[in-house]
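Here the structure comes first, spelled out in structure tokens, and everything after it is commentary.
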Amino acid sequence: MAETIFKPGLEGVIAGETTVSAVQQSSLAYRGYNISDLAENATFEEVAHILLHGELPNTAQLTQFNRSLAEFHQLPDAVVDAIRKIPTDVPMMDVLRTGVSMAGHFDPVQGDGETELRRRATWLMTVTAGVVAARYRLINQKEPLAPKPGLSHAQQILYQCLGEEPDDTSARLLDLTLILYAEHEYNASTFATRIVASTMSDMVSGVVTGIGTLKGPLHGGANEAAMEMLSQFNTPEEAETWLRERFAKKEKVMGFGHRVYKNGDHRAHILEAELRKLAIQKNKQNWMDIYDAIKKPMVEEKKIFPNVDYPCGLTYYLLDLPIDMYTPLFVCSRVTGWCAHFIEQATNNRLIRPLSRYVGEENRTVLPIGDR
Ligand code: SDX
């Protein structure tokens, strides 16, 4: 077998072909639909349909998809009981990992054909959202709420957390972040999910793997880390002082940089424009001054641009959502991309098993223990 090149972190390596999305410097598109067009003219349900079924739904297809979501929305009691037992200081990402794994024992979909996999993906959309909402209620000493009929997915998440229908701005901005977070080709958590599919394992194991991978602050955990960073500062001057120290120590700033995008993240541009309007609407312009105090030197001096997590953290914060919930909300969206890739891999599979180059010691002798 001819030895191929080795690239740390598989940087720049094409590890597969996909029709789910295309991430390029010039554009981001889900199944050929440009992200700015989707952000402007679609809902998260329509985007989820594109990812799982391959195209924008017509009215009948969207009605059917929404009916499937509504049919699945009730979390199994055993999952709520399991969540009750988890100590309140456990991060919500770990609760989500456990909740999805527990729900897998009550999977309502039988079979593993493409149709069944798509239905299981739709069910997992409601499970991830349900676990986030149930946990939010329980750590606030409230009982989980049954879903309210007739709400959009984003409205339902906020309703089942807050106990009342969200205002239009909150629902629209959550819907926008769910669209922007839904899919991003072979990012770490999606690639991990594809590896699970390539061994012919099950979709629940694939999503639990995705959750464990996305949690890391170099990946999805950056939206929480970026907001933890910003919340240290009371003034832009404090932020700039901190940043200069960070530069001196050559330490990374969460929410910035990207393995693929080197001239900026299309999603960050879209979301930042909405964030600026939200800050004015909420009379929280001071937060944007702090936000810009970090962004400006990163872009102008380091040429390192915000990724989607930077504006998203502050967006969720201005919507009064707890920081511990930000990466779990990323999961509620990315579960659609993970499952789309799981299905693509499972239906046209070759086991994913790369090589490694051995660089350790060789030809060592096993001495009797008395001589070691
Ligand atoms: C997501 O892959 C995806 O598509 C992911 C994602 C998705 O939708 O699935 O887009 C979501 O995970 C976004 C990324 C969220 N992570 C962060 O915000 C964490 C901070 N970012 C960095 O850790 C970093 O930018 C990565 C991990 C995102 C990308 O790292 P790379 O490609 O391995 O780049 P690198 O670490 O080799 O950096 C190249 C240079 C280095 O400088 P030198 O050592 O060459 O002098 O740029 C510097 C880095 O130090 N650099 C940063 C930086 N990111 C890169 N310096 C300061 N702060 C940063 N954030």
Side-chain angles (χ1 to χ4, degrees), residues 7-16 18 20-25 27-30 35 38-39 47 51 93 176-194 207 209-230 239 242-272 291 294-314 323 326-341:
K7 298 290 280 183
L10 298 183
E11 181 159 11
V13 172
I14 295 175
T18 181
V20 183
S21 75
V23 174
Q24 291 158 349
Q25 298 301 342
S27 66
L28 167 61
Y30 300 167
I35 191 63
L38 292 171
V47 166
L51 294 173
M93 274 302 274
L176 173 61
T177 61
L178 295 178
I179 290 170
L180 297 176
Y181 267 144
E183 158 62 15
H184 218 236
E185 185 221 80
Y186 274 32
N187 61 85
S189 55
T190 299
F191 190 55
T193 302
R194 286 194 77 120
V207 169
T209 300
I211 293 169
T213 312
L214 190 74
K215 172 184 173 182
L218 292 190
H219 191 12
N223 61 12
E224 296 184 6
M227 193 58 227
E228 297 286 4
M229 166 190 63
L230 289 176
W242 175 88
L243 186 64
R244 300 278 166 219
E245 287 161 11
R246 204 81 175 169
F247 284 169
K249 289 185 279 184
K250 279 194 161 307
E251 287 177 353
K252 296 216 164 131
V253 179
M254 297 295 121
F256 286 83
H258 198 275
R259 172 60 60 80
V260 178
Y261 295 135
K262 298 305 177 191
N263 305 312
D265 182 334
H266 313 291
R267 304 162 297 177
H269 295 312
I270 293 168
L271 188 52
E272 185 175 295
Y291 177 97
I294 297 287
K295 178 189 169 187
K296 204 163 177 293
M298 285 296 287
V299 170
E300 293 176 2
E301 297 171 32
K302 299 286 183 184
K303 301 283 179 277
I304 296 172
F305 298 83
N307 55 58
V308 63
D309 290 322
Y310 189 54
C312 191
L314 185 51
I323 294 177
Y326 298 0
T327 314
L329 287 173
F330 194 156
V331 171
C332 292
S333 166
R334 186 54 58 88
V335 65
T336 58
W338 290 335
C339 290
H341 280 273

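Along the sequence shown, residues carry numbers from 1. Numbering of ligands and ligand atoms starts at 1, following listing order.
Close approach to N187 involves these atoms of ligand 1, each under 4.0 Å from a residue heavy atom: 2 (O), 3 (C), 4 (O), 5 (C), 9 (O). Atoms of ligand 1 lying under 4.0 Å from at least one heavy atom of R259, given by number and element, are 29 (C), 31 (P), 32 (O), 33 (O). Proximity to R334 (heavy-atom distance under 4.0 Å) selects the following atoms of ligand 1: 7 (C), 8 (O), 9 (O). Listed by number with element, the atoms of ligand 1 under 4.0 angstrom from any heavy atom of D309 are 1 (C), 13 (C), 15 (C). Counting atoms of ligand 1 from 1 in the listed order, those under 4.0 Å from a heavy atom of P217 are 16 (N), 17 (C), 19 (C).
Within the model, atoms NE2 of H269 and CD1 of I35 stand 13.0 Å from one another, a figure rounded to the nearest 0.5 Å. The CD atom of Q25 lies 7.0 Å from the NE2 atom of H266; values are rounded to the nearest 0.5 Å.
Under the 4.0 angstrom criterion, atom 38 (O) of ligand 1 counts as lacking any protein heavy-atom contact. Checking atom 44 (O) of ligand 1 against the protein gives no heavy-atom contact under 4.0 Å. Counting protein heavy atoms under 4.0 angstrom from atom 33 (O) of ligand 1 gives one or more. Shown here, atom 57 (C) of ligand 1 is in close reach of the protein: a heavy atom of it lies under 4.0 Å off. Within a 4.0 Å radius of atom 23 (O) of ligand 1, the protein contributes one or more non-hydrogen atoms. At a distance under 4.0 Å, a protein heavy atom can be found next to atom 19 (C) of ligand 1.
Heavy-atom distances between M298 and ligand 1 reach below 4.0 Å in at least one pair. Under the 4.0 angstrom criterion for non-hydrogen atoms, R267 is in contact with ligand 1. Using 4.0 Å as the threshold, E183 has no heavy atom nearer than that to any atom of ligand 1. Residue contacts with ligand 1: G255 is included, with a non-hydrogen atom under 4.0 Å away. No heavy atom of G221 sits closer than 4.0 Å to any atom of ligand 1.
The single protein non-hydrogen atom nearest to atom 21 (N) of ligand 1 is F256 O, 2.8 Å, given as residue, atom name and distance. Atom 48 (C) of ligand 1 has its closest protein heavy atom at I304 CD1, 3.8 Å. Atom 4 (O) of ligand 1 has H184 ND1, 2.6 Å as its closest protein atom, hydrogens excluded (heavy atom only). Closest to atom 36 (O) of ligand 1 among all protein heavy atoms lies K252 NZ, 2.6 Å. Among all non-hydrogen protein atoms, the one lying nearest atom 46 (O) of ligand 1 is K250 NZ, 4.4 Å. Nearest protein heavy-atom contact of atom 14 (C) of ligand 1 is N307 ND2, 3.5 Å.
For an aromatic pair to be called close, the ring centres must be under 6.0 Å apart, and Y310 with F305 fails this.
For the ring-ring contact (aromatic ring centres under 6.0 Å, His included) with H184, the lone residue among Y261, Y30, F330, W338 that qualifies is Y261. Residue P306 is tested with V299, L271, I294 for a side chain to side chain contact (heavy atoms under 4.5 Å, CB included); the sole match is V299.
Within a 6.0 Å radius of NZ in K262, more than 12 heavy atoms belonging to other residues, nucleotides or ligands are found.
One N or O on the side chain of D265 and one on the backbone of V308 form a donor-acceptor pair closer than 3.5 Å. In terms of modelled atom types and a separation under 3.5 Å, the side chain of R246 and the main chain of K252 share a donor-acceptor contact. Side-chain atoms of R334 do not come within 3.5 Å of backbone N or O of L214 as any donor-acceptor pair. With T193 contributing its side chain and S189 its backbone, the two residues share a donor-acceptor pair below 3.5 Å. A side-chain donor-acceptor contact under 3.5 Å links K303 to the backbone of E300. Without hydrogens or angle criteria, S27 side chain to Q24 main chain gives no donor-acceptor distance under 3.5 Å. A donor-acceptor pair is defined here as one N or O able to donate and one able to accept, closer than 3.5 Å; no such pair exists between the side chain of E272 and the backbone of P311.
Nearest to atom 28 (C) of ligand 1 by heavy-atom distance, out of G257, A222, G220, is G257. Nearest to atom 10 (O) of ligand 1 by heavy-atom distance, out of K303, H258, H219, E251, is H258.
The pair E11-K7 does not meet the salt-bridge criterion, since no charged nitrogen lies less than 4.0 angstrom from a carboxylate oxygen.
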Pair Y181-N223, side-chain hydrogen bond (donor to acceptor under 3.5 Å, both in side chains): steps then yes or no: CA-CA 11 Å; Y181 267 144; N223 61 12; 3.1 Å; yes
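Heavy atoms from both the backbone and the side chain of L218 come within less than 4.0 Å of ligand 1.
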